[in-house]
Amino acid sequence: MAFKRIYLYAYVRSMLFMLVACCLCSTVSAKDFRTEQTVDGLSIRTQNYGIDIHFKGFRYDLLNEKGDVIAPAHDTSGLFYHGEEVSVTTLTRIDDNAIHFHVTNTAGIPAEVVVVPMPDTVRFSVQVMNSGATDKQITLRTGGVSPSFGLGDHSGWRDSTDLTGYSSDKVWSTSPHRAMRLISNFVIFPKQRFAEVNVEPRTKIVHLMTEENAQGVAEATDLPAMYYFFGEPKQIYAAFHKVRNSDGYKVYKPKYEWFGVGWEAYGALAWNTNQQTVTQNVEQYLEQGYPLSWMVVGSGFWPNEDPSFKATTSFGMWDKKLYPDPRGMIQHFHECGLKFILGLRISFICEGPYSSEGVEKGYFLEENGQAKVFDLWFPKRPVYLLDAKNPDALRWYMDLCDKWIEYGVDGFKEDLFGYDEYEMPDDKIDPVNNELMERDIYLMGRNGYLAPPGDIQRYDDFNYNQDQDRGPINGLGLAYSGMFNVYPDIVGGTGLATNKYDEVPVETLKTYFARYAEYAALHPSMSFGYGPWNFNDPQLNKVCLDAAKLHTQLQPYIYCSAIDAWKTGFPYTMCPLPLLWPDQPEVYELENSTRRGYQWMIGDSLLATPLYGNDCTTAQTRDVFIPPGKWMDYETGDIYEGPLALEDFPLPVGKVPLFVGGKGMIVVQEDLGGLICARVYPVALKDTSWTFNWPDGSSTSSIQVNSKLTPESVFEIIDMTENSHIEYAILDRTRAITFELKKNHNYHINSKD
């Protein structure tokens, strides 16, 4: 193999196989499960699920807590390894926490299988005993199950979020002509109430066919951790969250500023960045009232006179002509209230300033004992790649990052790409991202395995000349996968700054730009690059400014949802509807390039219904699905009772595509500057409570609605912390109650009728 590293996993396994099945009692008590021998195998039961293992072929059914089959056993064999199916299974022993089997495939190759049942989760581990076999594939499989969702970036290049029909024996972070950087093989089946993941950074196998549901590893002698999760979606994501954090794929607490409106230099200026152009462009946004909170300069800041320096690994070195006063520039932006972010990669130009030291000390990935040379899409010259799993190399790299931090840089946009032809593990950058997050450095992640990298996760470049349905499908796929702080690229993409679309009618581009702004505003994070004013259309600029202000107004609420997601693993910031209404048939018909019902929940109360997709420059209406319950148009105050399909619902450019329902409570920045106010809408149900997480990430305030709310009711609001009555106002169109919140104060709303 040209370039390969094999990673060893630590897990408990037994090498002693004992034929003691006849000595086992028919029922064995254990800590979290019970077992019972059956005619053809073993029945495993917990309080929340069951597994029936059939010894012939090691076939297994997955059952829910009622005993109903939710994933049928594979037709012939539940375990396939080294080119053959399992034929013989022997139960060897049952411990307090695990069940051990000895299996043999039809080629006579033995293996050990360990099943560890836990309250909401079961883990399968496979260890093949004959490492000399030529075909190293190991796959665990059931019969087909549908629909299914997840797979990170691998879900983004389809015509639907439903993965039924997906099949690949090479699920990894390389794919010709398609960027696969945010990698997850977590798959959830909401209708059946289970999910699965084979925790494996090496090349993976995933089959989601009508006849087979399978996950495995392409070349190995072991499959250490194949998990199945059971229960309601929130229960499933909580269990998956626990597995990620315990198995080395930590989910980090995100930082508030990232959830505001940003600016990226490449979208505005392409490669032509310098201190003057960057400053002028950002200041123009600020002067026009755009509430920016972060900015990225991803390229062009490095010394340009020497080609060996033209990379983000020119740590601490600026182009002295283009950036004569970087400290002063960064300080200026800090005074404007912006976090300053630089582009960052782990690719070192071979002749670059730090490469000789890295080679000498063995800090780069190696092949045959030598630092391996890579040819990537960028930089344009041969490079070495940091060996991020080498602790000494990681410390060295962090010391180099400090050279940027010393200038006042707040964080980085991690942006390695163009490595398609090389076989590398999906977690190749995870140690760098994790260390940056441990140090509380602001991080936009673009590469990672299983856990969300950084504070926000930016999906691949999204431009006018690309499939516009890919964006929503990709974003929702990431949310299903637990990479929930989705950032949908720069509004308008990166081609407008280079006049790439000069032949496209300007009216088409203007509509595209407006739709993109309204679409991005409903994501966890959004940004601008190319100035809307360049179209010389005041109405377009107003639409874009309104979208930016809406996002900033909702920033405290969105961040509250991000903290809930960080605590629980559930994708509150961008939650696909099948995860909240898994028994509602209509929710499985929305997220595709035919219906284009790209809808999601933001937190507990907001339903996003943006009009987007390949028809975004021509369509004026959408069929909008209203979930069960009472929902109010965020803008007009019109109320709808779901479940309901609003056919041809008007969504012209300029209309806020939001509905309020669920718990009916949100928090906004009323003055876009710090005054945090609650809004409680008359769709909130009696005896509903909600807890708001403040922007500091630790303070909370709770709101309890004790009475049925109607537009005609008279209320009182009591600050339970101070035992005092609170003044409030009623919003005109929606009749929402609004009042100022205080940190760590709790409020009750009572009717005085």
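As the structure is a prediction and not an experimental result, all values here were calculated from the model.
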Considering only heavy atoms from C-beta outward, does the side chain of Tyr252 approach that of Glu438 to under 4.5 Å? yes
Going through the distances and angles, do Trp533 and Tyr285 end up as a ring pair (Phe, Tyr, Trp, His ring centres under 6.0 Å)? CA-CA 10 Å; Trp533 53 81; Tyr285 270 101; 4.6 Å; yes
Can Asn447 and Tyr419 be counted as having a side-chain donor-acceptor contact under 3.5 angstrom? yes
OG1 of Thr498 to CG of Leu269, rounded to nearest 0.5 Å, is 11.5 Å
Answer whether the closest heavy-atom distance between the side chains of Thr313 and Tyr354 falls below 4.5 Å. no
Any luck finding a side-chain donor-acceptor pair between Tyr487 and Gln457 under 3.5 Å? no
Are there more than 12 heavy atoms of other residues, nucleotides or ligands under 6.0 Å from atom NZ of Lys253? yes
Is it true that His332 and Glu283 share a donor-acceptor pair across their side chains at a distance under 3.5 Å? yes
So, Tyr384 versus Phe348, ring centres under 6.0 angstrom or not? no
Under the 3.5 angstrom rule, does the side chain of Thr279 hit a backbone N or O of Gln275 as a donor-acceptor pair? yes
Search all heavy atoms of Cys401 against all heavy atoms of Phe315 and return the closest pair with its distance. N-CD2, 3.8 Å
Expected output: side-chain Asp410 to main-chain Ile341 donor-acceptor under 3.5 Å: no
Please round to the nearest 0.5 Å and tell me the distance separating atom OG1 of Thr552 and atom CD of Gln555. 6.0 Å
Please confirm whether His241 and Trp566 have ring centers closer than 6.0 angstrom. no
Please determine if Asp415 and Arg458 form a salt bridge, counting it only when a charged side-chain N lies under 4.0 Å from a carboxylate O. no
With no hydrogens and no angle check, do the side chains of Gln468 and Tyr516 hold a donor and an acceptor under 3.5 Å apart? no
Any side-chain heavy atom of Thr573 within less than 4.5 Å of one from Val486? no
Partner of Leu385 under side chain to side chain contact (heavy atoms under 4.5 Å, CB included), chosen from Arg345, Lys372, Met424: Met424
Counterpart residues, side-chain hydrogen bond (donor to acceptor under 3.5 Å, both in side chains), relative to Glu335 (two or more places apart): Gln331
Indicate whether any N or O donor in one side chain lies under 3.5 Å from an N or O acceptor in the other, for Asn474 and Asp460. no
Any donor-acceptor N or O pair under 3.5 Å, side chains Ser184, Tyr449: no
Distance in Å, Gln466 CD paired with Phe462 CZ, rounded so as to fall on 0.5 Å steps: 7.0 Å
Output the distance between atom CG (Asn390) and atom CG (Leu365), rounded to the nearest 0.5 Å. 9.5 Å
Heavy atoms only: give me the nearest Phe417-Leu376 pair and the separation to one decimal. O-CB, 3.9 Å
Between Thr273 and Tyr323, is any side-chain donor less than 3.5 angstrom from a side-chain acceptor? yes
I'd like to know if the side chain of Asp427 reaches the main chain of Asp430, judged simply by a donor and an acceptor atom lying under 3.5 Å from each other, with no hydrogens or angles considered. no
Are Leu344 and Lys413 packed together at the side-chain level, in the sense that at least one heavy-atom pair is separated by less than 4.5 angstrom? no
Would you say Asp169 and Lys204 make side-chain contact, with heavy atoms under 4.5 Å? no
For Ser173, which of His154, Glu423, Lys428, Arg181 qualifies under side chain to side chain donor-acceptor pair (under 3.5 Å)? Lys428
Between Asp247 and Lys250 (salt bridge meaning N to carboxylate O under 4.0 Å), is one present in this structure? no
Mind checking the CH2-CD1 spacing from Trp157 to Ile473? Nearest 0.5 Å is all I need. 11.5 Å
Centroid-centroid distance, Tyr422 to Phe374, less than 6.0 Å: yes
Does Ser481 use its side chain to pair, donor to acceptor, with the backbone of Leu151 at less than 3.5 Å? yes
Is there a side-chain contact between Leu496 and Phe513 (heavy atoms, below 4.5 Å)? yes
Roughly how far, to the nearest 0.5 Å, is CH2 of Trp172 from CD1 of Ile183? 11.0 Å
Return yes if some donor-acceptor pair links the side-chain N/O of Ser355 with the main-chain N/O of Ile349 below 3.5 Å, else return no. yes
Taking every heavy atom of Leu322 against every heavy atom of Gly300, the minimum-distance pair comes out as CD1-O, 4.0 Å
Please confirm whether Trp258 and Trp294 have ring centers closer than 6.0 angstrom. yes
Does any part of the side chain of Thr617, heavy atoms only, come nearer than 4.5 Å to the side chain of Arg515, both counted from C-beta? no
Mutual orientation of the aromatic rings belonging to Phe378 and Trp271 [parallel < 30°, tilted 30-60°, perpendicular > 60°]: tilted
Taking the ring centre of each residue, are Tyr598 and Tyr519 less than 6.0 Å apart? no
Strictly under 6.0 Å, is that where the ring centroids of Tyr464 and Tyr512 end up? yes
Going by an N to O cut-off under 4.0 Å, is there a salt bridge joining Glu200 and Arg202? yes
Heavy-atom distance under 4.5 Å between the side chains of Lys389 and Asp387, does that happen here? yes
Tell me whether Asp159 contacts the main-chain N or O of Ser593 through its side chain, where contact means a donor paired with an acceptor under 3.5 Å. no
Any donor-acceptor N or O pair under 3.5 Å, side chains Gln288, Asn541: yes
Can Glu435 and Arg395 be counted as an ion pair, charged N to O under 4.0 angstrom? no
Determine, for Asp461 against Arg446, whether the closest basic-nitrogen to carboxylate-oxygen distance falls under 4.0 angstrom. yes
Do you know the tightest heavy-atom contact between Val217 and Asp222? CG1-O, 3.7 Å
Check whether Lys170 reaches the backbone of Ile205 with its side chain - one donor and one acceptor, N or O, closer than 3.5 Å. no
Does Ser527 reach the main-chain N or O of Glu264 with its side chain, forming a donor-acceptor pair under 3.5 Å? no
Check: Phe535 ring centre within less than 6.0 Å of Tyr530 ring centre: yes
Could you tell me whether the side chain of Asn185 and the main chain of Asn198 form a donor-acceptor pair under 3.5 Å? yes
Look at the side chain of Asn485 and the backbone N and O of Asp455, then say whether any donor-acceptor pair between them is shorter than 3.5 Å. yes
Locate the shortest heavy-atom distance separating Gly267 from Ala497; write the atom from each residue and the value. O-CB, 3.3 Å
What class does the angle between the rings of Tyr459 and His523 fall in, given that below 30° is parallel, 30 to 60° is tilted and above 60° is perpendicular? perpendicular
When every non-hydrogen atom of Ala548 is compared with those of Phe528, the smallest separation belongs to CB-CE1, 3.8 Å
Please list all pairs meeting side chain to side chain donor-acceptor pair (under 3.5 Å) that have one or both residues in residues 396-407, counting only residues at least two apart or in different chains. Glu357-Trp396
Assess whether a salt bridge exists between Arg381 and Glu351, defined as any Lys/Arg side-chain N lying under 4.0 Å from an Asp/Glu carboxylate O. yes
